[in-house]
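A short write-up of the structure that comes next.
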Amino acid sequence: MVVRRRFVPDFDPAFGDRPLADALHDIVIGRWQGVRELLHDTGDDWPLRTHRIRLLAHAAAGSRATEIWRAAEPSGPDAAVVSAATEVVRLFQLAIAAGRGTGTDRTRLDAAVTACLKAADAHPTDPMPWISLLTVARLYEDGVPRRELRGWWEEMRRRDPYNVEGHVQLLRYHSARWHGTHGRMYDFARDAAGASPPGSPLPVLVQIARAEEYRYVADAAQGRVVRGFDQHWKHELAITEIRRTWERWILWRTDGPVAPQEIGELNYLVHAACHAGLRLEASGLFRLLGRRAAHLPWAYTGDAAEQFTRWRAQMDATP
């Protein structure tokens with residue numbers, strides 16, 4: 001008798017990136033040397049570097065590792081970049097704790113912007129300080145002046161024109177939850193997707209936008225029925241755009257293991273495919289992912305582990 005093991009999704013905070021996992025452990029215990037070595041080894045692989053720094057900043061927000069690093073290497077460019085990104089994460093944590101409608105300390109916001117600009121000066125080729133600026137822009141009560149925002153955006157694109165993290169941050173800035181509308185968010189996502197080269201993950205911005213709209217409407221409804229909302233994931237345009245992302249990204253991606261920086265975006269695409277009832281696309285994406293899951297966007301529609309496991313079984317994905 002063959003006993004099948006129960007499937008358990010893997011919400012690895014490092015997304016299977018073992019060198020990153022080691023550096024994250026170092027941060028938890030207050031060590032920064034492993035982070036310096038990791039970023040040195042990463043070099044100018046900007047998609048991987050921005051992905052790693054984003055996760056490192058979230059881990060460092062609860063420790064003093066970046067402060068200790070800056071004290072030890074006050075002129076170190078990587079220390080400046082990670083420190084600025086960490087301060088941005090801390091500001092978001094404060095904003096979440098305070099609750100929506102409570103303004104963030106303007107002095108501290110301005111100080112974070114200054115830290116990002118200094119990090120950009122310290123590491124002129126790195127897109128990450130500009131991504132941090134696009135991120136912190138959301139916390140300004142009235143946003144930032146359009147000309148300034150555009151300048152930050154152009155600086156990021158000058159360094160890495162198809163950087164997914166930078167695009168996601170500006171997409172969220174343009175969302176109805178922050179300083180825009182659903183229409184502006186979708187326009188930005190579709191324009192970026194259309195301009196991306198074959199094999200780029202950027203077409204998935206449209207599915208990320210759809211998840212952001214779902215979250216916004218669901219939060220506002222507070223359990224009330226919203227007319228027509230049951231078609232949110234599966235109307236004709238939503239299905240067409242999932243297939244377009246599949247054709248422009250998945251069919252062109254290089255064969256081989258899924259890179260850690262792809263896992264988050266693949267989860268957005270398979271989530272959308274599941275809710276749209278696209279079994280062929282969903283099962284193929286689940287096979288690509290294996291057990292590698294991300295909390296978002298599954299947590300927008302229920303318990304993340306239960307959702308990932310149930311939909312995977314429903315779409316008949318093979319182990």
If you round to the nearest 0.5 Å, how far is CZ of Arg215 from OG of Ser175? 8.5 Å
For Arg310, does the CZ atom have more than 12 heavy-atom neighbours from other residues, nucleotides or ligands under 6.0 Å away? yes
So, His271 versus Tyr268, ring centres under 6.0 angstrom or not? no
Thinking salt bridges, do Arg90 and Glu67 make one under a 4.0 Å N-O criterion? yes
Following the transitive rule for hydrophobic clusters with a side-chain heavy-atom cut-off under 4.5 Å over Ile, Leu, Val, Met, Phe, Trp and Tyr, establish whether Phe15 and Trp46 coincide in one cluster. no
Looking only at the side chains, is there a donor atom on one of Arg52 and Gln261 sitting less than 3.5 Å from an acceptor on the other? no
Taking the six-membered ring for Trp, is the centroid-to-centroid distance between His182 and Tyr216 below 6.0 Å? yes
I'd like to check Trp178 versus Tyr173 (side-chain heavy atoms, cut-off strictly below 4.5 Å). Are they in contact? no
Mark yes when over 12 heavy atoms from residues, nucleotides or ligands other than Arg150 sit less than 6.0 Å from its CZ; otherwise mark no. no
Between the side chains of Glu241 and Arg190, is the shortest nitrogen-to-carboxylate-oxygen separation below 4.0 Å, so that they form an ion pair? yes
Check the side chains of Asn267 and Trp298 for a donor-acceptor pair under 3.5 angstrom, ignoring hydrogens and angles. yes
Can you find a heavy atom in the side chain of Phe92 that is under 4.5 Å from one in the side chain of Leu139? yes
Is the shortest side-chain heavy-atom distance between His25 and Arg31 below 4.5 Å? no
How long is the gap from CD1 on Ile263 to CG on Asp10, to the nearest 0.5 Å? 8.5 Å
Crowding at CD, Glu236 (>12 non-hydrogen neighbours, <6.0 Å): no
Find the distance between CE (Met128) and CG (Asp160) and round it off to the nearest 0.5 Å. 12.0 Å
Validation row: Leu134, Leu149 side chains within 4.5 angstrom (heavy atoms): yes
Side-chain heavy atoms under 4.5 angstrom apart, residues restricted to Ile, Leu, Val, Met, Phe, Trp, Tyr: same cluster for Leu278 and Leu251? yes
Atom CZ in Arg244, atom OG1 in Thr240: separation rounded to 0.5 Å? 6.5 Å
Do Pro129 and Leu117 come close enough that some side-chain heavy atom pair is under 4.5 Å? no
Steps toward ring-ring contact (aromatic ring centres under 6.0 Å, His included) verdict (Trp153, His167): CA-CA 9 Å; Trp153 170 245; His167 280 76; 4.8 Å; yes
Among Arg49, Arg159, Arg158, find the one that has a salt bridge (charged side-chain N to carboxylate O under 4.0 Å, His left out) with Asp126. Arg49
Can the positive tip of Arg312 be found less than 6.0 Å from the middle of the six-membered ring of Phe7, inside 45° of the ring normal? yes
Compare every heavy atom of Val136 with every heavy atom of Ala112, then report the nearest pair and how far apart it is. CB-CG2, 4.4 Å
Distance (rounded to the nearest 0.5 Å) between Glu87 CD and Leu91 CG: 4.5 Å
Report the relative orientation of the aromatic rings in Trp233 and Tyr214; use parallel for angles under 30°, tilted for 30 to 60°, perpendicular for over 60°. tilted
Within 6.0 Å of NE2 in His235, more than 12 heavy atoms from elsewhere: yes
Are any of the side-chain heavy atoms of Ser83 and Arg70 separated by less than 4.5 Å? yes
Heavy-atom side-chain proximity of Leu285 to Leu266 below 4.5 angstrom: yes
Go through the steps to decide whether Arg18 and Asp12 satisfy the test salt bridge (charged side-chain N to carboxylate O under 4.0 Å, His left out), and finish with yes or no. CA-CA 10 Å; Arg18 290 303 97 200; Asp12 178 6; 2.5 Å; yes
So His174 and Phe188, would you call those rings parallel, tilted or perpendicular, with 30° and 60° as cut-offs? tilted
With a 3.5 Å cut-off and no angle check, do the side chains of Gln169 and Glu165 form a donor-acceptor pair? yes
Test Arg253 against Glu262 for salt bridge (charged side-chain N to carboxylate O under 4.0 Å, His left out), laying out the working first. CA-CA 11 Å; Arg253 68 178 295 277; Glu262 290 183 301; 3.0 Å; yes
At what distance, to the nearest 0.5 angstrom, does NE2 of His179 lie from CZ of Arg138? 8.5 Å
Transitive ILVMFWY side-chain link Val258 to Val204, under 4.5 Å: yes
Are side-chain heavy atoms of Met185 and Glu212 found at a separation under 4.5 Å? yes
What do the steps show when you test Asp219 against Tyr300 for side chain to side chain donor-acceptor pair (under 3.5 Å), and what is the final call? CA-CA 10 Å; Asp219 286 353; Tyr300 292 164; over 6 Å; no
Same hydrophobic cluster for Leu289 and Phe11, using side-chain heavy-atom links shorter than 4.5 Å among ILVMFWY? no
Using the rule that Ile, Leu, Val, Met, Phe, Trp and Tyr join whenever any side-chain heavy atoms are under 4.5 Å apart, tell me whether Trp246 and Phe286 fall into a single cluster. yes
